[in-house]
Undergrad: 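I'd like to ask you about the structure that follows.
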Amino acid sequence: MKHALISLLICWLFFTAHSCSVKHYGALQWPQVDKQEEVLCHSYYCFIYDTNHMQSRWLAYELAGEMTTGDARRSSRFFEDSLVLRGTANDDDYRGSGYDRGHLVPAGDMVFNDTAMRESFFYSNVSPQVPAFNRGIWKRLEENVRNYAQNLGMIYVVTGPVLDDDLPVIGGSNVSVPAYFYKAILVQNDSLNEAIAFLMPNERGEHRSLYRYSMTVSELERATGLNFFPQLGRRSTIEATVDTLFWQMYE
DNA sequence: CTGTAAAGC
DNA sequence: GCTTTACAG
């Protein structure tokens with residue numbers, strides 16, 4: 001009890017300079033990673049930052065339905081992330097690049113309080129996205145994910161860029177411009193065990209169904225080299241199948 | 001902070 | 001039309 005109070009005090013003292021150290025997760029487990037790679041966590045999302053590509057390789061968070069309603073005001077600027085000791089990308093990298101600073105954890109998922117909203121504007125949560133993609137089909141996918149959370153209760157989300165070798169770069173920090181972005185989504189409770197993944201090219205989407213870009217989590221794992229939900233175990237059928245009709249029902 | 005703009009509801 | 005996603009000056 002005493003320790004909890006002390007950490008709350010520390011959290012409060014450093015709140016303006018750092019992200020609050022109190023974490024708000026339930027059973028979140030992040031994607032399996034090499035031992036060399038350091039998983040960093042803010043209050044509402046965890047991530048691994050890839051310094052070669054100057055953006056995160058993945059970000060993982062829990063999204064509950066009630067989180068998607070709130071009125072935290074959207075920040076007008078982005079912030080370098082002090083959790084990343086070797087430094088993140090910055091305003092200059094993106095200025096005049098022709099690319100949007102696209103959120104990976106959507107600001108629209110972080111409206112339930114000001115800490116969450118502010119965290120979503122760290123450069124650890126930003127990748128270069130084609131404007132018509134960010135404001136178009138990627139945004140539509142984000143809205144769908146919020147609907148999943150509202151209709152299913154709580155879901156796990158892992159999202160990020162596909163960081164291949166030899167991508168084009170922008171800015172003085174050489175920020176890679178990904179060719180694809182993905183999301184992996186899992187609902188797991190007493191009555192439901194379902195997962196779905198999306199892999200989308202970083203380009204103006206045609207006016208197609210989102211489910212044209214859907215696949216099993218296993219297929220996305222093969223495409224990205226990541227293991228998204230290690231808590232499911234190696235032989236889980238949840239990752240190996242996808243029921244798009246189920247997910248369409250809960251949009 | 002103001003103006004502009006595309007996408008999609 | 002309005003909102004959300006932004007960028008430029």
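Letters A, B, ... mirror the listed sequences (proteins, then strands); counts begin at 1.
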Undergrad: With a 4.0 Å cutoff (strictly under), does any side-chain N or O of Arg101(A) reach OP1 or OP2 of dC7(C)?
TA: yes
Undergrad: Applying salt bridge (charged side-chain N to carboxylate O under 4.0 Å, His left out), can you list everything that pairs with Arg222(A), at least two apart in sequence or on another chain?
TA: none
Undergrad: Tell me: CZ of Arg204(A) to P of dT5(C), nearest whole Å?
TA: 18 Å
Undergrad: Kindly state which residues belonging to residues 55-65 of chain A come within less than 4.0 angstrom of DNA chain B, counting heavy atoms of the residue only, listed by number.
TA: none
Undergrad: Taking the side chain as C-beta and beyond, is there a heavy-atom pair between Tyr123(A) and Asp81(A) under 4.5 Å?
TA: no
Undergrad: Could you run down the sub-3.5 Å N/O contacts of the protein with nucleotides 2-4 of chain C?
TA:
unit_1: dT4(C); atom_1: O2; unit_2: Lys139(A); atom_2: NZ; d: 3.2

Undergrad: I want to know whether Phe78(A) and His103(A) have ring centres closer than 6.0 Å.
TA: yes
Undergrad: Does Tyr180(A), at its OH atom, have more than 12 non-hydrogen atoms belonging to other residues, nucleotides or ligands within less than 6.0 Å?
TA: no
Undergrad: Taking heavy atoms of chain A and a 4.0 Å limit, find me the 5'-most and 3'-most nucleotide of DNA chain B within that range.
TA: dA5(B) to dC9(B)
Undergrad: Are Glu142(A) and Trp138(A) close enough that a side-chain donor and a side-chain acceptor fall under 3.5 Å?
TA: yes
Undergrad: With Asn125(A), which residues qualify under side-chain hydrogen bond (donor to acceptor under 3.5 Å, both in side chains), at least two apart?
TA: none
Undergrad: Ring centroid separation for Tyr49(A) and Phe122(A), is it under 6.0 angstrom?
TA: no
Undergrad: Just to verify, what does Glu239(A) make a side-chain hydrogen bond (donor to acceptor under 3.5 Å, both in side chains) with, not counting sequence neighbours?
TA: none
Undergrad: Looking at every non-hydrogen atom in both residues, tell me the closest pair between Thr216(A) and Ala240(A) and how far apart they are.
TA: CG2-O, 3.5 Å
Undergrad: So, Ser176(A) and Gln55(A): side-chain donor and acceptor under 3.5 Å apart, yes or no?
TA: no
